[in-house]
Amino acid sequence: MNRAIIVTVLVLLLGGVANASVELNTVALTEITTTNETGQEVTSLVPAGKVVPGDEVIYTIHFVNSGTEPASDVVITNPIPDHMVFTKVESSPDGASVSMSADGGSRYDSPRNLTVEDAKGQPRPAKASDFTHVRWIFQNSLEPGAEGNVSFRAQLQ
Amino acid sequence: MSIRSKKNLFVVLLAGALAFGLSSTALAQNTPSGTTIGNTATLDYVVGGTPQAQVTSNTASFLVDNRVDLVVTTIDGAIVSVIPGTFAQVLTYSVTNNGNTVQDYSLTALDATLGAFGQPETFDAVNVNVFVDDGDNVYTVADTDTYIDELAAGVTITVFVVSDIPLAQVDGDVASYDLMAQTAVGGTGGALGGDILTDDSANADDPAVVQIVFADGAGVVDAPYDGTFSSRDGYMVVTATLTAVKTTNVVSDPINNAVNPKAIPGATVGYQVLVTNNGNAQATTVEVIDSIPTNSTFLFGSVTTVPVAGAVVSYSNDSGATWTYVPVLGPNGTDPAVTDVRVVFATLAGSGSTAQENFRVLIN
C-alpha cells in the first residue's frame with residue numbers, strides 16, 4: 001500500500017518534470033525607422049545594439065510550453081533593469097493581467113494602487129520611474145506547444 | 001482546456017493605463033557609456049496542482065553607447081565693448097558636456113564675417129587665442145589650457161577667446177568670433193584625444209561594443225549630429241571722439257559799450273570753447289587749455305564752465321609750465337600775469353554730449 005503510493009508520487013513527479021516544461025527567452029529590441037522603396041517610413045524592431053540615454057528599449061519575453069502537460073498558474077516576472085525606467089507594457093496575452101511592484105518585488109498591485117514614500121515619509125502615488133518589477137499573471141493555462149510573448153518598454157536613463 | 005488560476009486576479013489592465021507618469025519622467029541622469037544593461041525574466045507555473053521549479057530566462061544584454069552631445073553658448077549678454085590699442089580682450093563662452101561619457105574637446109576661434117549681436121563685422125582682432133578657464137570663471141594669465149581635458153558628463157566649463165584690438169580701430173568697429181568645440185576622445189588626462197569626426201551610424205549595431213551616437217544640435221556654424229557645437233560673440237570698439245570749436249564775441253567797447261561793440265583797444269572780448277563727444281564711450285579727464293591772446297589781458301574771475309560740476313579751473317603765469325598760479329585782481333579788473341587758462345572736465349559722456357569753457361579778455 002505504502003509502496004504503491006510512493007510509486008504513484010514518483011510517477012507524478014517524473015511526469016511533471018518530463019512532460020511540462022516551459023521555456024523562457026528574452027530579447028532587447030529597439031525601434032528603427034527606415035524609408036521603403038515607395039518612400040513610406042517603416043518602423044521595425046531590431047536587436048538593441050546602439051542604445052544611448054533617452055532611447056527606449058522593448059523587452060520581449062517569449063514563452064513556450066515545450067512539455068506535454070498544461071501549465072497553469074503561469075506568472076512571468078521581470079525586474080526593471082538598472083538604469084532603465086519603465087514606460088509601458090507593450091503586449092500581454094489574452095486573459096493575462098499585469099501588476100507592478102514599486103518596492104523591489106515585495107508587493108504587486110495595480111499601478112494605481114501602488115504608493116511610495118515621498119521625501120517627508122508620506123505615501124504618494126507611484127510613478128513610472130518608481131516601478132521595480134512588472135508581472136504578468138496568466139488566467140488561462142498554457143497548453144502543450146502553446147507559445148507567445150509578453151513585452152514592455154523602458155527608457156535608458 | 002483552460003484552468004482558472006486560483007490566485008486573486010486583477011482586472012486586466014490596459015497597456016495605456018500603465019504609461020501614466022511617463023511625461024514626467026525626465027532624464028534624471030545619463031547612464032555612463034559602457035554600462036551593461038541586462039534583463040532577465042522568471043516564470044512560475046503549476047502542473048497538475050504541483051508548483052514547478054522557477055524558470056529563468058537568458059539575460060538579454062547590451063552596452064550603453066556613447067551619446068555625444070554638447071552645447072556651446074556665449075555667456076556675454078551683449079557685444080563686448082573694447083578700446084583701440086588694448087590687449088587680452090575677452091569673449092566668454094560656456095561648453096557643456098550633455099553626453100554620457102568623459103570627453104576631451106578641441107577648441108577653435110573662427111573668424112565670423114557676419115558679425116555678432118546683429119552688428120556687421122568690420123575688422124579682425126589680432127593675436128586671437130582660446131583658453132580654458134581654470135575654475136574661477138574669470139580670465140587670468142593662469143588660464144593656459146588650449147583644449148578641454150576630461151570634461152565629465154553633465155559638467156559645464158568656461159572658455160575664453162582672448163585677443164588684442166588694433167589701435168587703428170575706430171568707434172563702432174565690430175569683430176566677431178565663433179567658438180567651435182569639437183568632441184574628442186576622452187579618458188586620458190593631460191592629453192588631447194583624437195577628434196571624433198564621425199559616429200557609428202554607418203556601422204552595424206553591436207550590443208557588445210560602445211558605439212558613438214551623435215546627438216548634438218546645430219550651433220551657429222555647425223550642423224546637428226556632427227559632434228561639434230559653435231556659438232558667436234564679438235567685440236565692438238567704443239571710443240570717445242572729441243571735437244572742439246572755439247568762438248569769440250566782442251562783449252563791449254569803451255565807445256559803443258554793449259551796443260554793436262567793436263574790437264578796439266579797451267574792448268571786452270569773450271572766448272568760448274565747445275567740446276563735443278560724438279563717440280560711444282564716455283571720455284574722462286577732458287582737458288581744455290587756452291592761451292590768453294597777445295595784446296589782450298585776462299579778465300579776473302571771467303572763467304565759467306558748462307557744466308559747472310566736475311569742472312576744475314586752474315591758471316598758469318608761465319605759459320603752461322605750471323598750473324598753480326592764483327589770480328589776483330589788477331588794473332581794470334584784469335590780471336596781466338595770467339598766460340593760460342585750463343579747465344579739466346572729469347567726464348564727458350558720449351553720443352553728442354558737450355562741455356564748454358568761457359573766459360574774457362580786455363584788448364590792450
Side-chain angles (χ1 to χ4, degrees), chain A residues 12-13 15-16 19-20 22-28 46-54 59 61 63 67 69-79 81-85 87-92 95-100 109-111 127-129 137-143 155-157, chain B residues 1-7 9-13 15-22 24-25 27-31 33 35 37-52 55-67 99-100 200-201 204-207 209 211 213 215:
Chain A
L12 277 173
L13 279 174
N19 295 327
V22 181
E23 294 170 15
L24 207 55
N25 188 65
T26 175
V27 291
V46 297
K50 202 171 287 172
V51 184
V52 294
Y59 285 108
I61 300 113
F63 55 86
E69 296 291 328
S72 65
D73 301 282
V74 173
V75 176
I76 294 176
T77 305
N78 199 129
D82 287 347
H83 303 290
M84 305 292 292
V85 165
T87 50
K88 70 170 190 174
V89 166
E90 182 78 358
S91 66
S92 297
S97 67
V98 175
S99 61
M100 306 295 298
D109 204 336
S110 163
K127 299 185 295 187
S129 56
I137 300 166
F138 289 46
Q139 297 186 51
N140 303 328
S141 65
L142 206 56
E143 298 300 318
Q155 186 185 37
L156 179 63
Q157 296 303 284
Chain B
M1 174 177 157
S2 169
I3 299 173
R4 274 289 196 196
S5 165
K6 291 170 187 168
K7 293 195 177 177
L9 289 173
F10 305 110
V11 175
V12 174
L13 294 164
L18 283 164
F20 77 95
L22 173 60
S24 65
T25 304
L27 274 179
Q29 56 182 354
N30 263 348
T31 306
S33 62
T35 304
I37 307 288
N39 184 61
T40 309
T42 59
L43 182 144
D44 298 280
Y45 66 110
V46 172
V47 173
T50 307
Q52 304 293 300
V55 176
T56 302
S57 77
N58 64 310
T59 299
S61 295
F62 60 85
L63 276 178
V64 176
D65 291 318
N66 182 358
R67 181 181 192 270
N100 63 339
D200 283 309
S201 55
D205 296 353
D206 189 335
V209 172
Q211 295 176 295
V213 177

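So you know, we letter chains A, B, ... as the sequences are listed, proteins then strands, and number each from 1.
In terms of modelled atom types and a separation under 3.5 Å, the side chain of A/Lys50 and the main chain of B/Asp200 share a donor-acceptor contact.
In this structure, chain B has a heavy atom under 4.5 Å from the backbone of A/Asp82, while its side chain stays farther away. At a 4.5 Å heavy-atom cutoff, the contact between B/Asn66 and chain A is made by backbone atoms alone. For a residue to count as touching a neighbouring chain, one of its non-hydrogen atoms must lie under 4.5 Å from one of that chain's; by this rule A/Ile61 touches chain B with the side chain only. Only the side chain of B/Thr35 comes within less than 4.5 Å of a heavy atom in chain A; its backbone stays farther off. In this structure, chain A has heavy atoms under 4.5 Å from both the backbone and the side chain of B/Thr42. Contact of A/Val27 with chain B is made through the backbone alone, with heavy-atom distances under 4.5 Å.
The choice from A/Val46, A/Asn25, A/Leu142 that makes the most heavy-atom pairs within less than 4.5 Å of chain B is A/Asn25. Interface check for chain A: of the options B/Ile37, B/Thr59, B/Val64, B/Asn39, the most heavy-atom pairs under 4.5 Å are formed by B/Asn39.
Two residues are said to be in side-chain contact when any heavy atoms from C-beta on lie closer than 4.5 Å; B/Asp205 and B/Phe62 fail this criterion. Contact annotation: the side chain of A/Val52 never approaches that of A/Leu156 to less than 4.5 Å [non-hydrogen atoms, C-beta and beyond]. Inter-residue side-chain proximity for B/Asp206 and B/Gln211 is flagged as met; some heavy-atom pair is nearer than 4.5 Å. Using a 4.5 Å heavy-atom threshold, the side chains of B/Asp44 and A/Val74 count as separate.
Under the 6.0 Å cut-off for aromatic ring centres, A/Phe63 and A/Phe138 qualify, their centroids lying closer than that.
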